[in-house]
Amino acid sequence: MARYGMLINTKKCIGCYACRTACQRQNGLDPTDSFIRFEEREVGEYPSVSVEHVPLQCMHCEDAPCCSVCPTGAAHIGPDGIVEVDQGRCIGCLYCMAACPYQVRNRNEKTGAVDKCRFCNVSNYTSGTEMCSCVTACPTGARIFGDLDDPDCELVKEIAATHAAPIAGDLTKSKVYYVR
């Protein structure tokens with residue numbers, strides 16, 4: 001079974017929000033809702049200071065705190081290792097939102113259920129069709145998606161070449177890696 005992951009290169013990210021907008025369209029989200037949140041921070045020392053844009057989304061953790069606190073099992077890890085939310089079972093208790101160390105879950109105001117990034121391109125990736133909206137929308141190629149267990153995958157090669165690492169180390173065994 002594949003173990004899917006993503007690399008986000010913050011050195012290439014220009015903060016254009018194209019990934020966020022494409023994700024909102026793909027998932028039918030309202031303009032005020034998003035599965036991708038941006039943080040900015042200054043890097044460098046005067047006079048060579050720049051702004052780093054850090055897009056944050058569900059990290060699809062192997063040790064997902066959101067799943068362990070969900071009283072109904074709505075938040076769970078699927079057979080392909082992707083953290084999922086069963087909208088029919090979610091009671092909107094918000095425990096998963098409180099437990100997420102990355103604060104990347106979203107509450108649907110209409111249904112009351114919690115939702116998040118779904119790595120929506122897995123079905124496209126496995127069938128060989130176009131990648132998901134956040135990956136293809138990025139004008140600088142800052143995002144790469146693939147199978148972390150495939151040594152020939154572009155994602156695995158790029159992680160090794162750039163020494164990318166999860167944003168919080170190995171705290172939750174995140175499957176989203178960052179070049180910083």
Side-chain angles (χ1 to χ4, degrees), residues 1-27 29 34-66 77-78 80-84 99-106 116-126 128-180:
M1 177 65 60
R3 195 169 57 96
Y4 296 106
M6 185 177 282
L7 176 127
I8 300 173
N9 189 334
T10 61
K11 294 178 180 181
K12 290 182 178 181
C13 179
I14 58 174
C16 68
Y17 292 15
C19 59
R20 177 183 164 133
T21 303
C23 175
Q24 287 170 308
R25 264 194 328 265
Q26 172 86 13
N27 292 292
L29 300 175
S34 179
F35 294 160
I36 302 172
R37 173 174 56 88
F38 277 81
E39 289 188 1
E40 295 178 348
R41 67 180 194 133
E42 291 181 8
V43 292
E45 292 184 24
Y46 179 82
S48 300
V49 178
S50 62
V51 175
E52 177 185 58
H53 305 281
V54 183
L56 294 169
Q57 65 190 52
C58 178
M59 301 295 169
H60 295 280
C61 308
E62 288 181 26
D63 186 15
C66 59
I77 299 174
D80 52 9
I82 293 172
V83 176
E84 301 172 350
C100 177
Y102 306 104
Q103 297 300 298
V104 291
R105 289 188 164 237
N106 219 25
K116 51 167 236 27
C117 165
R118 304 174 187 130
F119 269 172
C120 61
N121 57 338
V122 171
S123 60
N124 293 339
Y125 182 78
T126 57
T129 59
E130 185 177 345
M131 295 300 285
C132 82
S133 55
C134 71
V135 173
T136 57
C138 182
T140 62
R143 291 171 169 264
I144 302 172
F145 178 83
D147 181 355
L148 291 165
D149 291 334
D150 179 357
D152 297 324
C153 177
E154 178 187 359
L155 171 68
V156 174
K157 291 176 183 176
E158 192 68 18
I159 289 171
T162 60
H163 305 290
I167 202 160
D170 205 20
L171 178 68
T172 59
K173 298 181 184 161
S174 165
K175 290 192 256 357
V176 177
Y177 293 76
Y178 285 84
V179 176
R180 303 182 82 198

Side chain to side chain donor-acceptor pair (under 3.5 Å) partners of [X], counting only residues at least two apart:
X	value
Tyr177	none
Thr10	Glu52
Gln24	none
Glu40	His53

Do you know which two heavy atoms are closest between [X] and [Y], and how far apart they sit?
X	Y	result
Ala2	Asp147	CB-OD2, 3.3 Å
Leu29	Ser34	CD1-CA, 3.9 Å
Tyr4	Leu148	O-CD1, 3.9 Å
Ser133	Ala22	OG-O, 3.4 Å
Ala142	Lys12	CB-CB, 3.8 Å
Ile8	Pro55	CG2-CG, 3.6 Å

Does the pair Leu7 and Tyr178 meet the rule for a side-chain contact (heavy atoms from CB on, under 4.5 Å), with working shown? CA-CA 6 Å; Leu7 176 127; Tyr178 285 84; over 6 Å; no
SG of Cys19 to CD of Gln26: how many Å apart, nearest 0.5 Å?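 Answer rounded to 0.5 Å: 13.0 Å.
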Working to the nearest 0.5 angstrom, can you tell me the gap between Ser50 OG and Lys11 NZ?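 Rounded to the nearest 0.5 Å, the OG-NZ separation comes to 10.5 Å.
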Output, in order, the C-alpha distance, side-chain angles, deciding distance and verdict of side chain to side chain donor-acceptor pair (under 3.5 Å) for Arg180 and Asn9. CA-CA 7 Å; Arg180 303 182 82 198; Asn9 189 334; over 6 Å; no
Can you confirm whether Gln103 is buried at CD, in the sense that more than 12 heavy atoms of other residues, nucleotides or ligands lie under 6.0 Å from that atom?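 Result for CD/Gln103: enclosed.
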Hey, does [Y] have a side-chain heavy atom less than 4.5 Å from the side chain of [X]?
X	Y	result
Pro101	Thr172	yes
Met6	Cys134	yes
Cys61	Tyr102	yes
Cys100	Pro65	no
Glu84	Ile77	no
Cys117	Ile36	no
Phe38	Val54	no
Val51	Val43	no

Aromatic ring pairing Phe145/Phe119, orientation class (parallel under 30°, perpendicular over 60°, tilted between):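 Judged by the thresholds at 30° and 60°, the geometry between Phe145 and Phe119 is perpendicular.
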Any pair counted as side-chain hydrogen bond (donor to acceptor under 3.5 Å, both in side chains), so long as it reaches residues 54-63, sequence neighbours left out: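 Only Arg3-Glu62, Gln57-Arg143 qualify under side-chain hydrogen bond (donor to acceptor under 3.5 Å, both in side chains).
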Any chance you could lay out the side-chain contact (heavy atoms from CB on, under 4.5 Å) test for Phe35 and Arg105, step after step, and finish with the verdict? CA-CA 7 Å; Phe35 294 160; Arg105 289 188 164 237; over 6 Å; no
Within the distance-only criterion (no hydrogens, no angle test), does the side chain of Thr21 pair as donor or acceptor with the backbone N or O of Tyr17 below 3.5 angstrom?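 Answer holds: yes.
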I'd like to know if the side chain of Lys116 and the backbone of Val83 have a donor-acceptor N/O pair within less than 3.5 Å.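 Yes; judged by distance alone, with no hydrogens or angles, the pair exists.
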Between Arg41 and Glu39, is the closest basic N to carboxylate O distance under 4.0 Å?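 No.
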Listed pairs under 3.5 Å, donor-acceptor, residues 151-164 side chains, sequence neighbours left out:
residue : atom : partner : partner atom : Å
Thr162  : OG1  : Glu158  : O            : 2.7

